[in-house]
There are 2 protein chains.
Amino acid sequence: MSKTTFSIRDLASEFDVTTRSIRFYEDQGLLFPTRKGQTRIYSSQDRVRLKLILRGKRLGFSLAESKELFELWDQTPGGSMKQLERLQAKITEKKQALEQQLNDIAMLQIELDSAEARCQSAMQELLVQKENVLQEQNPK
Amino acid sequence: MSKTTFSIRDLASEFDVTTRSIRFYEDQGLLFPTRKGQTRIYSSQDRVRLKLILRGKRLGFSLAESKELFELWDQTPGGSMKQLERLQAKITEKKQALEQQLNDIAMLQIELDSAEARCQSAMQELLVQKENVLQEQNPK
DNA sequence: GTGTAAGTTTACGTAAACGTAAAGATGATA
DNA sequence: TATCATCTTTACGTTTACGTAAACTTACAC
């Protein structure tokens, strides 16, 4: 069986964030750990949430955006038609943004490859120059 | 032939950013427009730079990061071996980050699809309920 | 000339996402 | 029992990326 509860340090070291950040996310209403005394106890649900928050950040989501998505998602079963339509709209919006990102990444990858090639040949050029200097200094 | 110079407003409306932002990028050393009197004139080089800056932002680059990449890139021809090695390292780093992003996007796309399905069926459920109510009120 | 529209500099303001320090509570350990 | 180590709250500080307002110049339109 996998672990079911986590300390704040567990999560902090697993995902390489500070405890300050994790508490901040709670402050902003994205996490809701239970307490044992005054100490925070995180469920594996909380852990998943944190993972989603961090992935969102890597993709440029603000905390407010992630929070909004969580809330829409949590209300899905039993939500009103209007809420569901808002969720659908958000999903469509995010999907489009991801398409844009895929484009951006593809283009940047091409450019990085070309930059790498240019960089390599510049380095090669330097090596050749060096050899030439050595040959002049030390002609056979 | 395509346009070779641009006003700050040209660029602002083409890329949908404020002139304030464009001036800020110059302030931070990412753009270097020439002047006609005191008015800024942007070359198509500058335009490309701006495009790169904005794409970088969409991919989570800070302005400082973009600036660093520009500077390394500009020094590539005639750069020292050490500079070239730094560039190569940066390129490798960015490529890895892009791989991570591709992973993140792929996973998020899957989740969005599944969320969309759940959302759709919740909406379908609401419609069915509505029909049932109507049938009760209006039995044939 | 007189707006007025778009450009400029200067400078203070702001939101987001934490960093960091202070000061106290709690539990394990020597 | 004393001392850590780790948790907590509170609160002010900081960086990034601009927003916004003020006060000024320049270029056409009337």
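Worth saying up front: this structure is predicted, and the values here are computed from it rather than measured. Convention: sequence-line order gives letters A, B, ...; per-chain numbering from 1.
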Task: 5'-most by nearest nucleotide on DNA chain D - A:T19 or B:Y25 - done: A:T19
Open item on the list: Please report the distance, rounded to the nearest Å, between NZ in A:K67 and C1' in C:dA17.
Closed with: 15 Å
Hey, what are the protein-to-nucleotides 11-16 of chain D N/O distances that come in under 3.5 Å?
none

Task: Qualifying residues under salt bridge (Lys or Arg N to Asp or Glu O under 4.0 Å), relative to B:E14, sequence neighbours excluded - done: B:R47
Task: Which residues share a side chain to side chain donor-acceptor pair (under 3.5 Å) with A:D10, sequence neighbours left out - done: A:K3, A:S7
Open item on the list: Through direct or indirect side-chain contacts below 4.5 angstrom among Ile, Leu, Val, Met, Phe, Trp and Tyr, which residues connect to A:M81?
Closed with: A:L84, B:M123, B:L126, B:L127
- [ ] Just jot down the salt bridge (Lys or Arg N to Asp or Glu O under 4.0 Å) partners of A:R20, sequence neighbours excluded, or say none.
- [x] none
Task: Close residues, residues 35-58 of chain B, relative to DNA chain C [heavy-atom separation under 4.0 Å] - done: B:R35, B:Q38, B:T39, B:R40
TODO: Enumerate the residues from residues 2-17 of chain A whose closest heavy atom to DNA chain D is under 4.0 Å, giving them by residue number; use none for an empty result.
DONE: A:I8, A:R9
Task: Those residues that, when tested against B:Q101, pass side chain to side chain donor-acceptor pair (under 3.5 Å) (two or more places apart) - done: none
Open item on the list: Going by the rule side chain to side chain donor-acceptor pair (under 3.5 Å), which residues pair with B:D104 if we only count those two or more places apart in sequence or in a different chain?
Closed with: A:R58, B:Q100
Task: Spacing of A:Q28 atom CD relative to C:dC18 atom P, expressed in whole Å - done: 10 Å
- [ ] Quick one: list whatever passes side chain to side chain donor-acceptor pair (under 3.5 Å) with B:T76, sequence neighbours left out.
- [x] none
Open item on the list: Please give the remaining members of the hydrophobic cluster of B:L50, linking ILVMFWY side chains under 4.5 Å, ordered by chain and number.
Closed with: B:F6, B:I8, B:L11, B:F15, B:V17, B:I22, B:F24, B:Y25, B:L30, B:L31, B:Y42, B:V48, B:L52, B:I53, B:L54, B:L63, B:F70
Open item on the list: Through direct or indirect side-chain contacts below 4.5 angstrom among Ile, Leu, Val, Met, Phe, Trp and Tyr, which residues connect to B:L134?
Closed with: none
Task: Integer-rounded Å distance: D:dC7 C1' and A:I22 CD1 - done: 13 Å
- [ ] Mind listing the closest non-hydrogen atom pair of B:E65 and B:G60 along with its distance?
- [x] OE1-O, 3.8 Å
